[in-house]
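First listed ligand is number 1; within each ligand, the first listed atom is number 1.
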Amino acid sequence: EKVEITKEQRTLMKVIVDAYSTHQIPQDVAKKLLQEQYSADENFLLLTEMATSQVQVLVEFTKNIPGFLSLDREDQIALLKGSAVEAMFLRSAQVFSRKMPSGQTEVLEERIRKSGISEEFIIPMFNFYKSIVSLHMVQEEQALLTTITILTPDRPYVKDQQAVERIQETMLELLRKLCVLQRPQEPQYFARLLGRLTELRTLSHYHAEMLTSWRTNDHKFTPLLCEIWDVQ
Ligand SMILES: CC(C)c1onc(-c2c(Cl)cccc2Cl)c1COc1ccc(-c2ccc3[nH]c(C(=O)O)cc3c2)cc1
């Protein structure tokens with residue numbers, strides 16, 4: 001059928017992509033990936049700094065999602081806490097997709113591999129990164145997929161799931177149209193994107209175990225990460 005993006009959808013798309021590209025980890029923080037030493041402790045500290053900065057960026061981005069701020073305040077918090085890890089997997093995956101000129105990609109991979117994460121989590125984590133890179137998503141798709149992840153209605157403690165579902169459905173419809181228009185020769189592409197969201201949930205469960213093992217080895221997190229991940 002003739003798929004068309006309406007004027008409202010184009011406006012919605014612009015708001016989301018502008019917010020997504022505006023709110024990025026500051027370059028001086030990202031550059032630290034290249035400068036500091038390489039030891040398991042140093043890598044952990046750097047990744048903690050990246051994650052903390054990424055959460056701040058994520059909160060600012062989320063506030064720009066049309067409709068998000070009109071949700072119940074406690075539900076806004078529940079959505080952020082429930083989606084932070086998944087949104088950060090998507091965001092850090094973009095570093096691997098961009099093949100950074102300055103070698104940040106290799107450095108980020110190296111630091112993640114050597115930060116006290118056990119091999120049983122490293123394997124699915126980098127399989128996920130590879131699967132995201134192979135999709136060659138454009139920025140509109142990355143921004144919408146992150147938005148759809150944040151607006152997942154069945155996160156723990158969300159009271160008004162219908163209200164979240166209504167906004168998420170708007171984003172899903174927009175992403176569906178974009179995929180059809182962007183990749184007419186790949187009718188399954190939209191389904192493949194949504195399949196990544198399922199994989200993200202699995203990674204989110206692994207992540208809870210990663211946190212436990214870091215804490216067992218007496219690794220400290222920042223106050224913001226403790227709050228968003230309910231640790232300490
Ligand atoms: C608290 C730390 C140790 C942590 O715990 N889990 C994870 C963790 C892990 Cl490994 C994997 C996935 C998710 C989490 Cl949430 C992390 C580290 O998390 C991040 C690491 C890097 C980045 C990130 C995001 C965007 C970036 N852009 C650039 C740039 O150069 O432009 C660098 C960069 C880094 C974000 C989170």
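In summary, the atoms of ligand 1 found under 4.0 Å from a heavy atom of Gln27, numbered by their order in the structure, are 31 (O). Shown in contact with Val95 at under 4.0 Å from a heavy atom are these atoms of ligand 1, numbered in order with element: 25 (C), 26 (C), 27 (N), 28 (C), 32 (C), 33 (C). Shown in contact with Met88 at under 4.0 Å from a heavy atom are these atoms of ligand 1, numbered in order with element: 15 (Cl), 36 (C). Every atom of ligand 1 is numbered from 1 in the order shown, and the set under 4.0 Å from a heavy atom of Trp214 is 3 (C), 5 (O), 6 (N). Taking a cut-off of under 4.0 Å to the non-hydrogen atoms of Leu225, the atoms of ligand 1 that pass are 1 (C). Of all atoms in ligand 1, numbered sequentially from 1 with element shown, those under 4.0 Å from a heavy atom of Ala30 are 29 (C), 30 (O).
Ile112 places none of its side-chain heavy atoms less than 4.5 Å from the side chain of Asn43. Inter-residue side-chain proximity for Tyr189 and Glu141 is flagged as met; some heavy-atom pair is nearer than 4.5 Å.
Distances from atom 16 (C) of ligand 1 to the heavy atoms of Ala51, Ser204, Ala87, Gly116 put Ala51 nearest. By heavy-atom distance, the residue among Gln94, Met50, His207, Arg98 lying nearest atom 14 (C) of ligand 1 is His207.
Note: Tyr129 and Phe96 have tilted aromatic rings, judged against thresholds of 30 and 60 degrees for the angle between ring planes.
A salt bridge between Glu60 and Lys63 is present, with a side-chain N of the basic residue lying under 4.0 Å from a carboxylate O of the acidic one. By the 4.0 Å N-to-carboxylate-O rule, Arg166 lies too far from Glu169 to be salt-bridged with it. Between Glu86 and Arg155, at least one side-chain N (NZ, or NE/NH1/NH2) sits under 4.0 Å from a carboxylate O, which counts as a salt bridge.
Looking at Tyr129 next to ligand 1, no N or O pair under 3.5 Å apart turns up. For ligand 1, the polar-atom distance check against Gln54 finds no nitrogen or oxygen pair separated by under 3.5 Å. Any N or O atom pair closer than 3.5 Å counts here, and Gln104 shares at least one such pair with ligand 1.
Here Trp229 has side-chain heavy atoms under 4.0 Å from ligand 1, and that is the only part of it that gets that close. Of the heavy atoms in Thr48, both backbone and side-chain atoms come closer than 4.0 Å to ligand 1.
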(request) Tell me, with the steps shown, if Thr6 and Glu8 meet side-chain hydrogen bond (donor to acceptor under 3.5 Å, both in side chains). (result) CA-CA 5 Å; Thr6 66; Glu8 299 82 10; 3.0 Å; yes
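Not a single heavy atom of Lys31 sits closer than 4.0 Å to an atom of ligand 1. Contact analysis leaves Tyr206 out of contact with ligand 1, as no non-hydrogen atom separation drops below 4.0 angstrom.
A cation-pi arrangement, defined by a distance under 6.0 Å to the six-membered ring centre and an angle within 45 degrees of its axis, is present between Arg113 and Phe126.
Here Thr212 contributes atom OG1 and Asn217 contributes atom CG; the two are 11.0 Å apart, rounded to the nearest 0.5 Å.
When all heavy atoms of Ser70 and Gln76 are compared, the pair lying nearest together is N-NE2, 4.5 Å.
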